[in-house]
Amino acid sequence: MIKKTLITFSLLFLALLWLTSWQLNITYFIAGTYSVASLISFLVYGWDKRLAMQHGEHVIRVPERTLHILGLIGG
């Protein structure tokens with residue numbers, strides 16, 4: 001339940017960001033860059049979560065530092 005809520009909130013935030021860029025007639029570079037960074041961050045977190053669930057401790061996962069940096073850039 002909470003996962004769907006968080007995904008819905010994230011999608012609404014991105015839609016609001018694009019709408020604001022359109023309404024204020026600002027370049028779409030900022031909204032596009034943030035959207036791509038968010039998508040990459042979402043996919044990498046999901047991949048790391050899948051590795052953890054399927055293989056446990058017996059696999060090399062994404063370093064925590066990388067996940068934190070992705071979270072700061074566009075998480």
Side-chain angles (χ1 to χ4, degrees):
M1 176 70 179
I2 195 161
K3 184 177 180 181
K4 289 181 183 180
T5 304
L6 291 174
I7 290 174
T8 302
F9 178 75
S10 299
L11 292 175
L12 286 173
F13 175 76
L14 288 176
L16 182 65
L17 179 66
W18 279 97
L19 181 66
T20 304
S21 296
W22 177 67
Q23 287 291 325
L24 297 177
N25 204 11
I26 301 174
T27 180
Y28 294 116
F29 178 75
I30 295 171
T33 302
Y34 188 81
S35 296
V36 169
S38 293
L39 179 64
I40 290 171
S41 179
F42 179 77
L43 292 174
V44 171
Y45 267 90
W47 181 49
D48 185 60
K49 178 84 170 178
R50 181 177 295 220
L51 285 174
M53 292 175 71
Q54 288 180 349
H55 302 290
E57 298 177 13
H58 306 293
V59 67
I60 298 175
R61 295 177 46 197
V62 179
E64 190 173 349
R65 179 179 177 185
T66 303
L67 293 174
H68 287 304
I69 290 172
L70 285 172
L72 285 173
I73 292 173

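We're numbering straight along the sequence, starting at 1.
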To the closest 0.5 Å, what do you measure between OG (Ser38) and CG (Leu43)?
10.5 Å
Should Leu51 and Leu70 be regarded as members of a common hydrophobic cluster, given that ILVMFWY residues are connected when their side-chain heavy atoms come within less than 4.5 Å of each other, either directly or indirectly?
yes
Single-linkage hydrophobic cluster Trp47~Val59, side-chain heavy atoms < 4.5 angstrom
yes
4.5 Å side-chain heavy-atom contact, Ser10 and Phe42
no
Val62 to Val44 - nearest heavy-atom pair and separation:
CG1-CG1, 4.1 Å
If I compare all heavy atoms of Ile73 with all of Ala37, which pair ends up nearest, and what's the gap?
CG2-CB, 4.0 Å
Taking atom CD as the centre, does Glu64 end up with more than 12 heavy-atom neighbours from other residues, nucleotides or ligands that are less than 6.0 angstrom away?
no
For the atom pair CZ (Arg61) and CG (Leu67), what is the distance rounded to the nearest 0.5 Å?
8.0 Å
Using 0.5 Å steps for rounding, measure from the OG atom of Ser41 to the CG atom of Leu72.
9.5 Å
Using a 3.5 Å distance criterion without hydrogens, assess whether the side chain of Tyr28 forms a donor-acceptor pair with backbone atoms of Ser21.
no
Looking at Tyr45, I'd like to know if its OH atom is crowded, meaning that more than 12 non-hydrogen atoms belonging to other residues, nucleotides or ligands lie closer than 6.0 Å.
yes
Leu24, CG atom: more than 12 neighbouring heavy atoms under 6.0 Å
yes
Leu39 side, atom CG; Tyr34 side, atom OH - distance, nearest 0.5 Å
12.5 Å
Would the number of heavy atoms belonging to other residues, nucleotides or ligands and lying under 6.0 Å from CD1 of Ile30 be above 12?
no
